[in-house]
Amino acid sequence: MAEKPVYRVEQIGEVLVITMRDDIGSFADSDVMHQTHELLELLAATGISRVVIDLNHTPYFGSCVLESMRTVWKATRESGGRMVLCSPSEVGREILQLANFHHLWAIHDTREEALADVQNDPV
Amino acid sequence: MPSILIVDDSRLDRRLAGHLLQQLPGKNEQLRLHYAETGEEALNKMSRHLPDLVLTDILMPGMDGFSLVSAVHQKYPLVPVILMTGQGSEITAARALQEGAASYVPKEELQHELVDVTRRVLALAAEARSQALLMTRLTRCEQEFLLDNDLALIPAVVNYLQRQLADLHFCNEPNRLRIGVALEEALLNAYYHGNLEVGSELREQSHTSYYNLARKRVHEPPYRSRQIRISSTLTPEEICFQVEDEGPGFDPASVRDALAEENQDRPSGRGLLLMRTFMDEVSFNNRGNQVTMKKRRPEPPRPESLPGEP
């Protein structure tokens with residue numbers, strides 16, 4: 001049986017936009033990480049190295065989702081690209097700051113701002 | 001004696017709504033109507049006297065009806081708001097409900113629907129207020145679950161306990177989410193590191209190996225028969241969770257500091273960091289297989305702030 005997708009993935013120009021589901025907390029960590037590795041395969045296959053992670057629908061997340069984002073970021077960095085985030089909730093932003101990831105990733109209020117940031121960045 | 005605040009910048013519409021609502025009270029009942037021309041004025045009036053219900057127009061100068069719904073929902077969650085919508089737009093109605101409106105009435109249907117809708121919403125709100133009032137009198141609530149080492153049960157128990165915090169008006173939504181994050185991390189620690197004894201070092205090498213080992217051990221003795229005990233004790237002052245696994249335990253001092261620069265690239269330590277940040281107290285027993293987490297109630301229950309209360 002096919003796994004329920006943890007993320008929705010769209011390609012906008014040369015950018016991959018990954019939108020997390022609102023119920024990501026109900027997924028097993030192993031499923032989240034398994035699908036994260038599938039995302040890495042997709043990035044490698046398409047040659048895309050600019051990524052936006054859209055957290056608009058995700059009220060909160062824990063260490064597994066942080067690890068998933070770190071894994072994607074590492075892959076984009078290794079291929080000379082960039083990953084930015086957008087639309088975290090108040091608690092989501094707090095979690096990113098706690099993990100010190102706000103120093104590594106730009107966090108935008110809207111998807112449009114995030115897209116403009118990565119699209120205009122000469123990676 | 002229900003009290004209703006009618007908000008509309010049109011004097012005519014305010015009076016029409018007020019006139020229709022005069023049919024609301026039963027025999028020996030009185031209705032108190034208050035009026036405001038703008039959202040700002042409505043909030044100002046509410047800060048002095050809480051009505052049982054707010055009836056508002058959408059289009060007003062300054063703060064519109066949607067913003068008013070959202071502000072009332074945030075600040076006075078027990079006061080329902082009914083929106084009067086123009087042109088019967090479904091999108092407008094959907095947005096109103098999304099913002100937290102209790103219901104809506106198309107303006108052209110006011111005459112036929114307003115009284116019934118208001119009566120229904122007032123009845124539901126009275127019930128919610130009684131519940132909320134009762135919960136302010138709760139002195140202790142204890143629960144305990146004994147979970148098989150089953151991942152599917154973890155979000156279920158976290159959601160259940162979060163919902164209970166909401167029902168008991170323990171804290172606001174962001175705090176509820178923070179408690180949920182801490183609880184989930186504690187349960188995942190108990191599952192992976194405690195009962196299955198799968199170490200973080202393996203995850204640092206390979207996610208796949210880490211989760212494969214966990215999947216394998218779920219079916220193997222002695223791991224497969226281990227359980228997680230979770231208890232919660234709620235008092236007016238605090239909520240206390242205890243999560244205990246049946247593994248050999250660990251030394252919390254040995255967990256890497258997730259904030260240290262050299263550990264930024266490692267996946268471990270963040271769960272404990274989230275638990276310690278989002279809860280007021282986190283402590284482990286000597287064996288290291290039981291964590292106790294406490295969160296003090298951010299806002300003490302205030303029955304006097306409930307509408308309709310003396």
Side-chain angles (χ1 to χ4, degrees), chain A residues 1 3-4 6 20-41 55-78 83 87-105, chain B residues 150-159 162 172-189 191-193 196 198 200 203-204 206-216 218 257-261 263-278:
Chain A
M1 196 173 72
E3 271 179 336
K4 203 163 74 163
V6 173
M20 300 217 182
R21 288 175 59 114
D22 57 348
D23 59 348
I24 196 159
S26 66
F27 284 81
D29 287 14
S30 50
D31 291 342
V32 174
M33 289 315 298
H34 176 67
Q35 292 190 39
T36 302
H37 285 276
E38 287 179 350
L39 274 176
L40 300 190
E41 287 165 19
L55 297 165
N56 187 33
H57 303 289
T58 316
Y60 71 99
F61 45 83
S63 56
C64 176
V65 171
L66 283 174
E67 177 56 9
S68 163
M69 290 194 278
R70 192 193 66 90
T71 305
V72 174
W73 166 71
K74 218 169 139 193
T76 57
R77 191 183 56 170
E78 282 166 8
M83 182 185 99
S87 317
S89 66
E90 177 191 335
V91 175
R93 193 178 280 272
E94 203 178 331
I95 290 169
L96 291 164
Q97 287 173 349
L98 272 174
N100 252 344
F101 284 156
H102 62 305
H103 292 308
L104 300 178
W105 310 326
Chain B
D150 177 358
L151 263 185
L153 292 176
I154 291 178
V157 77
V158 171
N159 286 340
Q162 275 189 313
N172 61 16
E173 196 192 355
N175 272 325
R176 219 161 44 235
L177 296 179
R178 291 181 188 109
I179 292 170
V181 171
L183 197 52
E184 189 173 281
E185 295 296 337
L187 287 162
L188 289 171
N189 274 345
Y191 177 88
Y192 283 108
H193 305 319
L196 298 180
V198 187
S200 299
R203 189 166 50 174
E204 288 175 12
S206 154
H207 293 126
T208 309
S209 310
Y210 176 86
Y211 290 113
N212 282 348
L213 181 61
R215 257 194 293 270
K216 185 164 160 269
V218 164
D257 174 8
L259 294 179
E261 206 173 322
N263 295 333
Q264 189 81 71
D265 228 18
R266 297 171 188 270
S268 47
R270 290 193 201 107
L272 198 53
L273 172 74
L274 293 171
M275 288 158 60
R276 284 187 165 138
T277 306
F278 287 158

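Computed from a predicted structure; not experimentally measured. We name chains A, B, ... by the order of the sequence lines, and we start the count at 1 in each one.
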*Answer whether the closest heavy-atom distance between the side chains of A:M33 and B:R203 falls below 4.5 Å.*
no
*Would you mind checking which part of A:T36 comes under 4.5 Å of any heavy atom in chain B, side chain (CB onward), backbone (N, CA, C, O), both or neither?*
neither
_Side chain / backbone / both / neither for B:Y210 at chain A, heavy atoms under 4.5 Å_ = neither
*Without swapping roles, check the side chain of B:E185 against the backbone of B:M275 for a donor-acceptor pair under 3.5 Å.*
no
*Relative to chain A, which segment of B:N212 carries a heavy atom at a distance below 4.5 Å: side chain, backbone, both, or neither?*
neither
*Segment of A:F27 engaging chain B (4.5 angstrom heavy-atom cut-off)*: neither
_Donor-acceptor pair, side chain of A:S68 and main chain of A:C64, under 3.5 angstrom_ = no
*Could you walk me through whether B:N175 and B:F278 pass the side chain to side chain contact (heavy atoms under 4.5 Å, CB included) test, one step at a time?*
CA-CA 8 Å; B:N175 272 325; B:F278 287 158; over 6 Å; no
*Between B:R178 and A:E94, is there a salt bridge with N-O shorter than 4.0 Å?*
yes
*Name the region of A:H37, side chain, backbone, both or neither, that has any atom closer than 4.5 Å to a heavy atom of chain B.*
side chain
*For the residue pair A:T71 and B:H207, establish whether any side-chain heavy-atom pair is separated by less than 4.5 Å.*
yes
*Heavy atoms only, distances under 4.5 angstrom: which of B:L151, B:N159, B:T208, B:L188 has the most pairs with chain A? Name it, please.*
B:L188
*Residue part contacting chain B, namely of A:D23, when any heavy atom lies under 4.5 Å*: neither
